[in-house]
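Step one of this worksheet: look at the structure below.
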Amino acid sequence: MTVIAWDGEVLATDTQCALGKAKYNAPKAWYETIGNTVCIVSGVGTLRNIHRHKDWVMQNDPSIPFPYDSFKDHYYQFILVTKNGLLRYEGTPYPIEHGVNACAFGEASDFAYGALAMGATAVEAVQVAIKYSHCCGGNVESYSLLKGDGHEPKEV
């Protein structure tokens, strides 16, 4: 289970994952290069579908048909952050544009949305979700495409 928060500049996630009854920490967002553009990718739901959607987007070729059948069995939301803001995909090639509007996704998104509504940053919103929800945990990781804010990619 996951929580993702976006404050218009920074994307933050928890790191807790589960395998059966065991929990462990792992990144839930990544920097990727699509064409010549560095982006942030993340998602909630089935990790297999998140990676399949990412792979289709990264081909950056509109002539390749979208593999609808690959995504029909498990719900997911694929998150893509570009220099223009956040895009959310749900099993189609057509994004829902959030832009720079604050938003949250995942099992603990209600906690994160509440924190964002009170003026919290994305990092603070994920911290609130971790504190109050049993659906997320671990550490907070943050990502940004802005230079000089301490969240930008270290190696691209």
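Values below: all heavy atoms of this structure, side chains included; hydrogens, waters and symmetry mates excluded.
Atom CD of Q127 and atom CD1 of I130 lie 7.5 Å apart (nearest 0.5 Å). In this structure, CD in Q16 is found 10.0 Å from CG in N139, a value given to the nearest 0.5 Å. In this structure, CD on Q77 lies 4.5 Å from CD on E90, to the nearest 0.5 angstrom.
In this structure, Y113 is not a member of the same hydrophobic cluster as W6, with clusters built from ILVMFWY side-chain heavy atoms closer than 4.5 Å. Hydrophobic clustering of Ile, Leu, Val, Met, Phe, Trp and Tyr side chains at less than 4.5 Å, counting indirect connections, keeps V100 apart from L116. Y75 is not connected to F78 by any chain of hydrophobic side-chain contacts under 4.5 Å among Ile, Leu, Val, Met, Phe, Trp and Tyr, and they are in different clusters. Side-chain heavy atoms closer than 4.5 Å link hydrophobic residues (I, L, V, M, F, W, Y) into clusters, and following such links, even through other members, never connects Y89 to I96.
Y143 and Y31 have their aromatic ring centers within a separation under 6.0 angstrom. For Y76 and H51, the ring centers sit 6.0 Å or farther from each other.
By the ring pair (Phe, Tyr, Trp, His ring centres under 6.0 Å) test, F66 is found to be paired with H53, W56, Y68, F71, residues two or more places apart in sequence or in another chain being considered. Taking S133 as the reference, nothing meets the side-chain hydrogen bond (donor to acceptor under 3.5 Å, both in side chains) condition, with sequence neighbours excluded. Looking at residues two or more places apart in sequence or on another chain, you find a side-chain hydrogen bond (donor to acceptor under 3.5 Å, both in side chains) between T2 and K28. Contacts of H74 classified as ring pair (Phe, Tyr, Trp, His ring centres under 6.0 Å), with partners at least two apart in sequence or in another chain: none.
Not one N or O on the side chain of D14 forms a donor-acceptor pair closer than 3.5 Å with the backbone of V140. Looking at D7, its side chain never comes within 3.5 Å of a backbone N or O of T121 through a donor-acceptor pair.
Nearest heavy-atom pair across K83 and L145 is N-CD1, 3.8 Å. Smallest separation of non-hydrogen atoms from A125 and A120: N-CB, 4.1 Å. In plain terms, the two heavy atoms of C103 and L86 that are nearest each other are SG-CD2, 4.2 Å. Scanning all heavy atoms of the two residues, the minimum distance from A12 to V126 falls at O-CG2, 3.5 Å. In terms of heavy-atom proximity, A112 sits nearest to A5 at CB-CB, 4.4 Å. Considering every non-hydrogen atom in both C136 and V3, the closest pair reads SG-CG1, 3.8 Å.
Side-chain atoms of P27 and E141, non-hydrogen and from C-beta on, do get closer than 4.5 Å to each other. Here the side chains of I4 and I79 are in contact, with some heavy-atom distance below 4.5 Å. Proximity of I34 to L80: side-chain heavy atoms (C-beta onward) are separated by under 4.5 Å at one or more points. A heavy-atom distance below 4.5 Å is found between the side chains of N49 and R52.
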Checklist entry - Do C39 and V81 pass the side chain to side chain contact (heavy atoms under 4.5 Å, CB included) test, and can you show the C-alpha distance, the side-chain angles, and the key distance before you say yes or no? => result CA-CA 6 Å; C39 302; V81 177; over 6 Å; no
Item to check | Residue pair L11, S142: steps toward the side chain to side chain contact (heavy atoms under 4.5 Å, CB included) verdict | outcome: CA-CA 6 Å; L11 182 99; S142 60; over 6 Å; no
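Members clustered with L19: Y24, by chain and number, using a 4.5 Å side-chain heavy-atom cutoff among hydrophobic residues. Taking a 4.5 Å side-chain heavy-atom cut-off between Ile, Leu, Val, Met, Phe, Trp and Tyr, the cluster of V128 extends to F111, Y132.
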